[in-house]
Colleague: 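My questions will all concern the structure given below.
Note that ligands are numbered from 1 as they come in the structure, with each ligand's atoms numbered from 1 the same way.
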Amino acid sequence: MQGSLHREGINMVKAEDLTLIEKASLLSGQSEWESRELKHRNVPAFVMSDGPNGVRRQTGSGDHLGLGESKPATCFPTAGTVANSWDPQEARVMGEALGAEARDLGVQVLLGPGINMKRNPLCGRNFEYYSEDPQLAGRLAAGLIEGIQSQGVGACPKHFAVNSQELRRQASNSIVDERTLREYYLTAFEIAVKEAKPWTIMSSYNMVNGVYAHENEHLITEILKGEWGFDGLVISDWGGSNDIVESARVGAGLEMPAAGLASARQVVQGVKDGRVTEAELNASAQDVLNTVERTRNTHPTGDGFLAEDDKIRNHEIARRIARKTAVLLRNEKNALPLKKNAKLVVVGDMAATARYQGSGSSKVNAYRVDNLLDSLKAREDLQVVGYAQGYDRQGAERADLVKEAVNTVNTTNPDVVVACIGLDERSESEGLDRSHMRIPQAQLDMLAELVDTGKQIVVVLVAGSAVEVDFADDVDAILYVGLSGQAGALATVDVLTGDVNPSGHLAETWPVRYEDVPNSGNFPVEERDSVYREGSFVGYRYYSTRNIPVRYPFGYGLSYSTFEYSALSVDDEGVTFTVTNTSDVPGADV
Ligand code: GLC
């Protein structure tokens with residue numbers, strides 16, 4: 001159902017027919033996850049919940065940090081990982097599964113996707129955002145939104161806009177010139193809004209050029225609604241509303257979470273003081289009523305929990321998406337795919353206990369999580385002859401664990417060592433930014449010792465965003481799996497064994513070192529104003545313009561096949577060229 005509803009004659013109360021206090025009370029939530037219900041007006045509440053890669057439906061008191069309990073749900077790969085598939089159709093399939101789970105778990109608006117640009121690799125939430133490129137992010141977002149909304153659940157692209165660092169996120173002011181704002185930071189939202197028509201959008205915590213996003217007339221009234229024709233509801237981030245009267249005036253309809261009736265009284269007073277007209281208030285309140293109507297028939301078909309067959313089906317969907325997101329970064333002497341009956345030693349705490357999602361409000365209570373060690377052991381055509389933890393997950397130096405790993409390799413004489421390393425749960429999270437771009441030193445020290453054994457080393461790299469890979473030339477193969485969701489380990493084994501030919505390609509540039517990042521000198525900014533001096537020279541726009549060598553360029557990804565590109569032609573319609581698979585291994589390319 002698209003378009004504004006009252007034109008379709010849906011029989012529901014209109015904002016203009018409500019009393020002042022009734023419509024004012026619609027502009028803020030009644031609990032952590034619910035909009036305001038007006039029982040006597042037959043206006044039900046609708047339920048919002050995170051998140052972008054799985055439904056975090058909390059019952060009872062909730063929180064916006066991923067701390068409290070939530071109902072079991074499917075944890076799909078995070079946005080930063082899905083992006084490596086470059087496939088909006090896969091995003092749509094994921095959206096359909098997410099929308100169905102949201103509906104069955106009692107959620108009417110799902111708070112995702114996250115489509116902020118990856119301005120700097122150290123932003124703590126990069127795992128939750130698609131890309132450094134607005135076109136790729138916009139098209140993937142449109143796919144996910146269409147999928148979610150095909151199930152009668154509202155999507156909510158976020159965080160509108162220019163939300164690029166976690167430090168002081170509720171008090172930071174992004175100062176960005178108009179051209180950069182339009183061309184770079186808003187384009188993904190523009191594509192998502194125009195292509196997929198989301199029913200809601202979430203404003204960001206930060207200020208943009210001095211005005212908080214949830215009350216920013218230029219962003220909301222002039223661009224989002226005025227130019228792009230957005231006819232949905234602008235929802236604040238949780239605690240992101242600063243002046244509800246000003247928000248009502250510019251057309252931001254819902255302050256979350258519950259602010260009691262204090263906000264409603266402020267809005268009524270604002271009308272009396274002439275700070276907001278009743279017509280402006282009606283328009284904002286109508287956005288809330290339209291969302292109620294769009295989601296009115298979206299309620300659980302069962303008991304409010306996932307059915308077993310849905311879990312089985314969605315686990316396979318999560319696995320299939322993860323297969324398409326793995327990026328082969330290095331493969332010397334065809335170390336991969338693993339040979340039949342190869343003897344393996346598996347090393348790494350993250351091999352036994354998977355790291356498969358980010359930390360914070362996107363955190364899903366996965367009903368099943370596969371791990372790399374057991375998934376490799378389950379293969380009849382491989383022999384896991386040893387395992388060692390190798391390192392402390394939180395990064396403490398543990399010479400004993402390194403020694404144990406080396407001994408395991410030396411005493412079992414494997415064909416290959418599969419080392420699973422990367423960022424741990426505390427390295428990248430909502431609410432804080434990374435302090436450097438390396439993986440924990442303890443892991444690097446261990447890897448160096450493994451290399452010294454002289455054995456073939458295959459690295460499975462886990463991280464939600466770019467990391468420094470100084471060890472690249474010391475190992476035989478590197479498979480980057482991102483944060484690949486609850487079925488990610490199975491998908492990783494599908495790729496390691498050659499059952500699946502890797503076709504993932506990086507959706508962000510991996511610089512050689514952090515110092516090469518254009519804004520590395522002023523990120524994250526500790527004071528109020530973060531001046532985006534680099535303009536739109538972010539990611540490949542910067543490195544290619546300045547001819548700065550990078551470790552792995554935007555779009556990089558190897559395959560078990562080899563491809564040739566020919567007959568390139570460019571015209572007003574776009575670019576066409578011929579891709580030829582010059583190997584005898586079937587494969588896909590982007
Ligand atoms: C959080 C996040 C936002 C999330 C919301 C509700 O602080 O910024 O992405 O949807 O609050 O949990």
Colleague: What are the polar N/O contacts of ligand 1 with the protein below 3.5 Å, with distances?
Modeller:
from: ligand 1; atom 1: 7 (O); to: Arg169; atom 2: NH2; distance (Å): 3.4
from: ligand 1; atom 1: 7 (O); to: Tyr205; atom 2: OH; distance (Å): 2.7
from: ligand 1; atom 1: 7 (O); to: Glu430; atom 2: OE2; distance (Å): 3.2
from: ligand 1; atom 1: 8 (O); to: Arg125; atom 2: NH1; distance (Å): 2.9
from: ligand 1; atom 1: 8 (O); to: Arg169; atom 2: NH1; distance (Å): 3.4
from: ligand 1; atom 1: 8 (O); to: Asp237; atom 2: OD1; distance (Å): 3.2
from: ligand 1; atom 1: 8 (O); to: Asp237; atom 2: OD2; distance (Å): 2.7
from: ligand 1; atom 1: 9 (O); to: Arg125; atom 2: NH2; distance (Å): 2.8
from: ligand 1; atom 1: 9 (O); to: Lys158; atom 2: NZ; distance (Å): 2.9
from: ligand 1; atom 1: 9 (O); to: His159; atom 2: NE2; distance (Å): 2.7
from: ligand 1; atom 1: 10 (O); to: Asp50; atom 2: OD1; distance (Å): 2.5
from: ligand 1; atom 1: 10 (O); to: Lys158; atom 2: NZ; distance (Å): 3.0
from: ligand 1; atom 1: 11 (O); to: Asp237; atom 2: OD1; distance (Å): 3.0
from: ligand 1; atom 1: 12 (O); to: Asp50; atom 2: OD2; distance (Å): 2.6
from: ligand 1; atom 1: 12 (O); to: Arg56; atom 2: NH2; distance (Å): 3.4

Colleague: Check Arg541 with Asp133, please: is the shortest side-chain N to carboxylate O separation under 4.0 Å?
Modeller: yes

Colleague: What I'd like to find out is whether the side chain of Glu255 reaches to under 4.5 Å of the side chain of Leu27, using heavy atoms alone.
Modeller: no

Colleague: How about Arg56 and Ser361: do any of their side-chain heavy atoms sit closer than 4.5 Å?
Modeller: yes

Colleague: Can Glu534 and Asn519 be counted as having a side-chain donor-acceptor contact under 3.5 angstrom?
Modeller: yes

Colleague: A side-chain contact here means heavy atoms from C-beta on lying under 4.5 Å apart; do Asp370 and Arg368 qualify?
Modeller: yes

Colleague: Under 3.5 Å, which donor-acceptor pairs link side chains of residues 521-531 to any protein atom two or more places apart or in another chain?
Modeller:
from: Asn522; atom 1: ND2; to: Val531; atom 2: O; distance (Å): 3.4
from: Asp529; atom 1: OD1; to: Asn173; atom 2: ND2; distance (Å): 3.1

